[in-house]
Amino acid sequence: MFILESKDQLEKAIIKAKKIRTSVKFISFGVYSVKGTKGNFYRIECKKVGNEKQVICECLGASRGLVCWHSACALSLHVGLARQRQTA
Ligand SMILES: [Zn+2]
């Protein structure tokens, strides 16, 4: 799990995500499934706890507090959906 503080954190992960071009599956608002490079799926949770934006991915990198590309994929979808919700 990591705390999202700025978009800069995601920069490298987004570059990697774009190279891999995986698919992100919507499960529910804040919960997504991203297909990994080995065909496996990672569950990513994006949630707001107080003022913190927590991103939880079940991969090894994220469990060490790193920003993984799975999270970057899920976040790009999540941010768009969150924006739609606010304007709806
Ligand atoms: Zn991950």
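Just so you know, ligand 1 is whichever comes first in the structure, and atom 1 is the first atom listed for that ligand. We're numbering straight along the sequence, starting at 1.
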Please list, one pair per line, the donor and acceptor atoms closer than 3.5 Å that link side chains of residues 3-12 to other protein atoms, with sequence neighbours excluded.
{"unit_1": "Ser6", "atom_1": "OG", "unit_2": "Asp8", "atom_2": "N", "d": "3.4"}
{"unit_1": "Gln9", "atom_1": "OE1", "unit_2": "Glu5", "atom_2": "N", "d": "2.6"}
{"unit_1": "Gln9", "atom_1": "OE1", "unit_2": "Ser6", "atom_2": "N", "d": "3.0"}
{"unit_1": "Gln9", "atom_1": "NE2", "unit_2": "Ile3", "atom_2": "O", "d": "3.1"}

* To do: Please lay out, stage by stage, how Cys73 and Thr22 fare under the test side-chain contact (heavy atoms from CB on, under 4.5 Å).
  => CA-CA 8 Å; Cys73 283; Thr22 188; 3.7 Å; yes
Could you tell me whether the side chain of [Y] reaches within less than 4.5 Å of the side chain of [X], counting heavy atoms only?
{"X": "Leu75", "Y": "Cys46", "value": "yes"}
{"X": "Leu66", "Y": "Phe2", "value": "no"}
{"X": "Lys35", "Y": "Ser23", "value": "yes"}

Nearer than 2.8 Å to the Zn ion (ligand 1), the protein contributes N, O or S atoms numbering 4
Please find out if less than 6.0 Å separates the ring center of Tyr32 from that of His70.
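Not under 6.0 Å, so no.
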